[in-house]
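One structure below.
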Amino acid sequence: MGLKGFVEGGIASIIAGASTHPLDLIKVRMQLQGESNPALVQPYRPTVAALNTPNGYVSLHIAPPPRVGLVSIGTQIVKSEGATALFSDTAAKLPIMKKIVAGLVAGSVGAAVGNPADVAMVRMQADGRLPIEQRRSYKSVVDAIGQMSKQEGIASLWRGSALTVNRAMIVTASQLSTYDQVKEMILEKGVMSDGIGTHVTASFAAGFVASVASNPIDVIKTRVMNMKLEAGGVAPYSGALDCAMKTVRTEGVMALYKGFIPTISRQGPFTVVLFVTLEQVRKLFKDL
């Protein structure tokens, strides 16, 4: 396979990623719902001097807007930021454990290399939910990476990298192993021939398994990558475990599955486009 395999996988991943990016944006916005937001806290000076506060102010916590779903968030994004804002990854038979290990290795390497771009993407996707004065307003991925490096240091580009790697390992391992296993089962039992129908069915199964397995890590990853560090301030989360504990404590265990509908809505089509495209590209490159 060699270079040909990389080219085939690259083409399939680019097409799949571009076609499902709007759902990824909506997923990020939903995963950040319920998180404490400085914009929702306003200073208020009481008229009664007896309130002994250090600066004479107390904080009024404005109730956050009600949580909304996939379609509502998508509509809001288009209305407030424009439609373009929605766009701001046949094998030889292997034992199931070898498929899982191969997916773990491939996912971890890819995630480690791509983490800076992932951080930039999460921040750019989350920017539109903030008041204008609090937005980072990155012009592009390159600009985002440049600003993060200058303002927060090079290390900030790998913030949440452990989560990114863990998520990618889980997604890739579950996705690849499920796809191959379901495809092999369909062909061995003669349910369908090796064609589009088999590829789509196996892809949907792979996308569902990957979504269920990775969503909790994805929620924590999104929040850690998006947190804003003020000069001299204290970070909202000290790390992934702290973020997970605070999220569960304040919002409940099911908060780890926030954004699951757009996740499965994206992961399903993404996986289908990815594997169907990959199968077709393999056919084109078969004799090269």
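Note that the numbering runs from 1 along the sequence shown for the chain. What you see below is based on every heavy atom in this structure, not just the backbone, and it leaves out hydrogens, waters and symmetry mates. Note that the structure is a prediction, hence the values are computed from the model and not measured.
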**Study point:** Met245 atom CE, neighbour heavy-atom count above 12 within 6.0 Å
**Key:**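 Result for CE/Met245: open.
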Are [X] and [Y] packed together at the side-chain level, in the sense that at least one heavy-atom pair is separated by less than 4.5 angstrom?
| X | Y | value |
| --- | --- | --- |
| Met124 | Met121 | no |
| Asp143 | Ser140 | yes |
| Asn226 | Gln125 | no |
| Asp194 | His199 | yes |
| Val276 | Ile196 | yes |

Honestly curious: do [X] and [Y] fall in one hydrophobic cluster under the side-chain, below-4.5 Å linking rule?
| X | Y | value |
| --- | --- | --- |
| Tyr237 | Leu256 | yes |
| Ile217 | Val253 | yes |
| Val272 | Val182 | no |
| Phe260 | Met254 | yes |
| Trp158 | Val141 | yes |

List the atom of [X], the atom of [Y], and the distance in Å for their closest heavy-atom pair.
| X | Y | result |
| --- | --- | --- |
| Ala120 | Ile145 | CB-CG1, 4.4 Å |
| Ala111 | Val165 | CB-CA, 3.7 Å |
| Ala255 | Thr247 | CB-CG2, 3.7 Å |
| Pro116 | Met148 | O-CE, 4.5 Å |
| Met192 | Thr198 | CB-OG1, 3.3 Å |
| Pro236 | Lys246 | O-NZ, 2.8 Å |

[X] [atom1] to [Y] [atom2] distance, which is reported to the nearest 0.5 Å:
| X | Y | atom1 | atom2 | result |
| --- | --- | --- | --- | --- |
| Asn215 | Lys258 | CG | NZ | 11.5 Å |
| Gln175 | Ser211 | CD | OG | 8.5 Å |
| Ile186 | Gln181 | CD1 | CD | 11.5 Å |
| Ile220 | Cys243 | CD1 | SG | 4.0 Å |
| Leu157 | Arg159 | CG | CZ | 9.5 Å |
| Thr201 | Met185 | OG1 | CE | 9.5 Å |

Review point. Are the side chain of Ser174 and the backbone N or O of Val171 linked by a donor-acceptor pair below 3.5 Å?
Key: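 Here the side-chain-to-backbone pair exists.
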Practice item. Could you tell me whether a side-chain N or O of Tyr257 sits under 3.5 Å from a main-chain N or O of Val212, the two making a donor and an acceptor? Key: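 Yes: the side chain of Tyr257 pairs with the backbone of Val212.
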Point to revise | CA sep, side-chain torsions, deciding dist, call: Met225, Thr164, side-chain contact (heavy atoms from CB on, under 4.5 Å) | key: CA-CA 10 Å; Met225 285 183 169; Thr164 303; 2.9 Å; yes
Practice item. Decide, yes or no, whether a salt bridge links Lys221 with Asp218 under the criterion of side-chain N to carboxylate O below 4.0 Å. Key: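 The answer is yes: the pair qualifies as a salt bridge.
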**Study point:** Glu152 bridged to Arg136 by N-O distance under 4.0 Å
**Key:**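 Judged by the 4.0 Å cut-off on N to carboxylate O distance, Glu152 and Arg136 do not form a salt bridge.
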Exercise for review: Measure up the Tyr179 and Phe275 rings against each other and bin them: parallel (under 30°), tilted (30 to 60°), perpendicular (over 60°).
Suggested key: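 Parallel.
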Exercise for review: Just do the side-chain contact (heavy atoms from CB on, under 4.5 Å) check on Thr271 and Phe204 with the steps written out, would you?
Suggested key: CA-CA 7 Å; Thr271 309; Phe204 267 120; over 6 Å; no
